[in-house]
Amino acid sequence: VVGGQPGNSPWTVSLRNRQGQHFCGGSLVKEQWVLTARQCFSSCHVPLMGYEVWLGTLFQNPQPGEPGLQQIPVAKMVCGPSGSQLVLLKLERPVTLNQRVALICLPPERYVVPPGTKCEIAGWGETKGTGNNKVLNVASLNVISNQECNIKHRGRIRENEMCTEGLLAPVGACEGDYGGPLACFTHDCWVLEGIIIPNRVCARPRWPAIFMRVSVFTDWIHKVMQL
Amino acid sequence: QRSPLNDFQVLRGTELQHLLHSVGPRPWQEDVADAEECAGRCGPLLDCRAFHYNVSSHGCQLLPWTQYSPYTELQRSGHCDLFQKKDYVRTCITDNGVKYRGTVAITIGGLPCQHWSHRFPNDHKYTPTLRNGLEKNFCRNPDRDPGGPWCYTTDPAVRFQSCGIKSCREAACVWCNGEDYRGAVDRTQSGRECQRWDLQHPHAHPFEPGSLTNIWTTTTAGILTAPSGPGATPLIRRWSENSATSRAAPRSIKGSEAQPRHESTTLNCFRGKGEGYRGMANTTAAGVPCQRWDAQKPHQHRFAPEKYACKDLRENFCRNPDGSEAPWCFTSRPGMRVAFCYQIPRCADDVRPEDCYNGVGERYRGSVSRTRKGVPCQHWSAEMPHKPQFTAISAPDAHLEENFCRNPDRDSHGPWCYTTDPGTPFDYCALRRCDDDQPPSILEPPDQVVFEKCGKRVTRLDQQRSKLR
């Protein structure tokens with residue numbers, strides 16, 4: 001996260017490859033399910049042996065025995081509907097919810113976040129020298145309407161995407177944050193409204209950031225978990 | 001210092017299931033140190049052809065069959081690796097094929113082989129045993145015939161005939177410098193047996209096998225043995241010594257094991273791990289410019305373009321010459337050696353839509369019956385491999401006929417079906433929304449929404465700080 005601060009995001013998870021290296025973020029939407037970005041995986045049928053989700057830590061490289069750290073193998077991957085850029089990961093066993101690990105709720109189907117809503121991104125990715133790369137960083141961003149976003153992005157923003165305001169100082173997601181959450185505070189609740197997807201560059205000043213709009217796929221998420 | 005693992009080929013993340021319940025594998029042995037020890041146990045046993053190694057529990061299970069045995073099926077596994085004896089899985093012969101244990105059972109002239117246990121139509125002196133491998137009617141070479149494996153034929157007029165199984169030496173070739181070679185040759189030109197890449201002895205080395213090798217798309221090539229002597233033909237021959245012509249098709253391909261260009265080239269997106277990406281993206285996902293491949297500053301590296309002629313290491317374009325997860329490059333920033341170019345989008349890997357639907361497709365009544373990935377749909381009336389929640393009885397209005405794509409739950413992403421892939425309960429179909437059908441916009445003024453449950457967290461700053469220590 002560029003322009004963020006060390007912070008707390010108990011639903012943000014770290015995806016780890018077989019070498020234990022962090023490669024993407026994700027969001028805990030159910031005890032045994034993580035939502036992340038399709039771009040993080042080479043195929044919808046990639047063997048997942050050795051892949052893990054790490055939760056309950058703020059450190060990118062927690063020491064062995066770190067209190068609260070949960071390391072859960074990924075059992076299964078389900079790719080989202082065409083154009084969604086989403087992937088659901090089923091974990092080998094449910095996580096233990098506590099003060100460090102919490103679920104984030106899903107938005108109602110087709111819910112559109114009102115412009116001006118305060119949201120946060122979180123991740124262990126690149127900070128481009130703006131912060132501490134070794135801990136979870138959080139940055140605040142405000143939602144803007146697709147109409148406003150399209151002025152800058154020349155009409156390329158689809159309805160299944162959403163935008164946050166581009167600030168003068170670069171603030172936004174970067175390499176290693178992909179798949180992580182855009183969590184918005186709505187009606188006293190933190191809701192997973194967007195998923196961080198790769199963009200051409202990270203945190204470009206004055207350019208709105210683009211996220212996948214989760215509410216368009218809420219029905220798919222429930223269906224996958226149910227079936 | 002030869003490892004017993006050298007006699008085995010591995011399929012990572014794979015289990016071999018025997019579909020007949022009456023035939024059970026041997027029990028798991030949990031007291032082994034590693035796969036090498038399992039190989040040491042399986043190797044000398046004539047009725048052990050393969051073994052499972054559980055990477056989590058460090059257990060092994062010896063198997064009397066291979067993937068080519070009847071009633072067996074490969075399945076993906078989260079914790080098992082499958083090791084199979086090379087003699088049973090290679091499709092070409094080494095030397096004169098005395099050790100060949102494959103399943104070819106037809107002669108070069110197209111005649112079916114006679115079972116070795118039969119004495120008719122051709123009487124003979126051979127008695128099948130586990131040691132001589134005279135199994136069923138498979139081609140074998142029990143008399144060390146220089147012509148390779150042979151069999152008695154079922155044609156009374158032709159007593160025996162060679163099976164014409166190709167020598168592994170004739171069955172492999174490489175492109176360019178062989179950086180894409182994925183065959184199974186395991187001897188050097190001088191005849192020395194190779195050390196396995198997944199072992200660090202007798203020689204320690206930095207070349208760990210790719211952690212994400214996709215065994216489901218990798219072909220298994222033949223395994224060669226030593227040439228007959230010094231100066232013999234290299235085991236893997238080059239089609240062209242000149243890198244400038246290295247992209248030309250081979251003049252001829254002998255056998256079925258030649259190494260084709262296995263990944264199609266892409267320019268604006270990347271497929272799989274992006275080894276075929278040939279586009280002009282030249283920054284990392286974070287916008288850092290890439291270092292030129294032919295430069296050694298600011299980062300020294302081994303990926304000189306001339307050494308990787310097939311990899312198109314031009315200028316400073318993002319490429320994947322080493323089987324990494326995605327196209328990458330050395331960056332122009334001294335403090336950041338390499339970075340992925342994840343800003344390049346992945347190519348859509350869906351099959352071509354076969355029909356279209358209106359709305360969400362709840363009235364689609366066409367006969368498309370495969371998913372967007374090309375997997376055939378399961379019949380709505382079937383209970384296997386997935387037990388359906390929607391049936392013709394429970395959803396009579398949905399017209400759940402045969403295995404046609406339908407939308408009984410008004411899924412907003414279109415018609416779907418249960419799939420015949422046991423690992424994929426359901427998926428959307430090879431259909432698209434009809435061109436003249438505009439979906440209703442969701443960007444209307446939002447209704448008042450009440451969230452019934454939501455994410456909560458401790459927000460006190462002092463607690464955050466204490467967690468950061």
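Below, chain A is the first sequence line, B the second, and so on; all start at residue 1.
Atom-to-atom distance recorded for A/F41:CZ and B/R346:CZ is 9.5 Å, nearest 0.5 angstrom. The CD atom of B/Q389 lies 9.5 Å from the NZ atom of A/K223; values are rounded to the nearest 0.5 Å. Atoms CH2 and OH, from A/W220 and B/Y428 in turn, are 7.5 Å apart once rounded to the nearest 0.5 Å.
Residues satisfying the salt bridge (Lys or Arg N to Asp or Glu O under 4.0 Å) test with B/K387, not counting sequence neighbours, are B/E383.
The local environment of CD in A/Q71 is crowded, with over 12 non-hydrogen atoms from other residues, nucleotides or ligands closer than 6.0 Å. Annotation: B/M280, atom CE; neighbour count of heavy atoms from other residues, nucleotides and ligands within 6.0 Å does not exceed 12. The environment of CG in B/N268 is sparse: at most 12 heavy-atom neighbours from other residues, nucleotides or ligands sit within 6.0 Å. A 6.0 Å sphere centred on CZ of B/R337 holds more than 12 heavy atoms belonging to other residues, nucleotides or ligands.
For the options B/A286, B/P345, B/G287, heavy-atom pairs under 4.5 Å to chain A are most numerous at B/A286. For chain A, the option among B/Y418, B/W416, B/F270 with the highest count of heavy-atom pairs below 4.5 Å is B/W416. Of the listed residues (A/K128, A/E126, A/Q147, A/R38), the one with the most heavy-atom contacts under 4.5 Å to chain B is A/R38.
For A/V74, no part lies near chain B; criterion is any non-hydrogen pair under 4.5 Å. Contact annotation for B/V55: only side-chain heavy atoms (C-beta onward) come within less than 4.5 Å of a heavy atom of chain A. In this structure, no portion of B/D427 lies under 4.5 Å from any heavy atom of chain A. The contact between A/V216 and chain B is made by backbone and side chain atoms together, counting heavy-atom distances below 4.5 Å.
Residues A/E109 and B/S412 are not in side-chain contact: their nearest non-hydrogen atoms beyond the backbone lie 4.5 Å or more apart.
Closest of all the heavy-atom pairs between A/R213 and B/I442 is CD-CD1, 3.8 Å. A pairwise comparison of heavy atoms in A/E159 and B/L443 identifies CG-CD1, 3.8 Å as the closest pair. For the pair A/E175 and B/A339, the tightest heavy-atom approach, listed with the atom from each and the gap, is OE2-CB, 3.7 Å. A/R110 and B/P440 make their closest contact through NH2-O, 3.4 Å (heavy atoms, listed as atom of the first residue, atom of the second, distance).
Taking the six-membered ring where tryptophan is involved, the planes of A/F217 and B/H413 are essentially parallel, since the angle between them stays under 30° and well short of 60°.
Not a single donor-acceptor pair under 3.5 Å links the side chain of B/K373 to the backbone N or O of A/C44. Put simply, the side chain of A/Q39 gets close to the backbone of B/Y342: a donor and an acceptor are under 3.5 Å apart.
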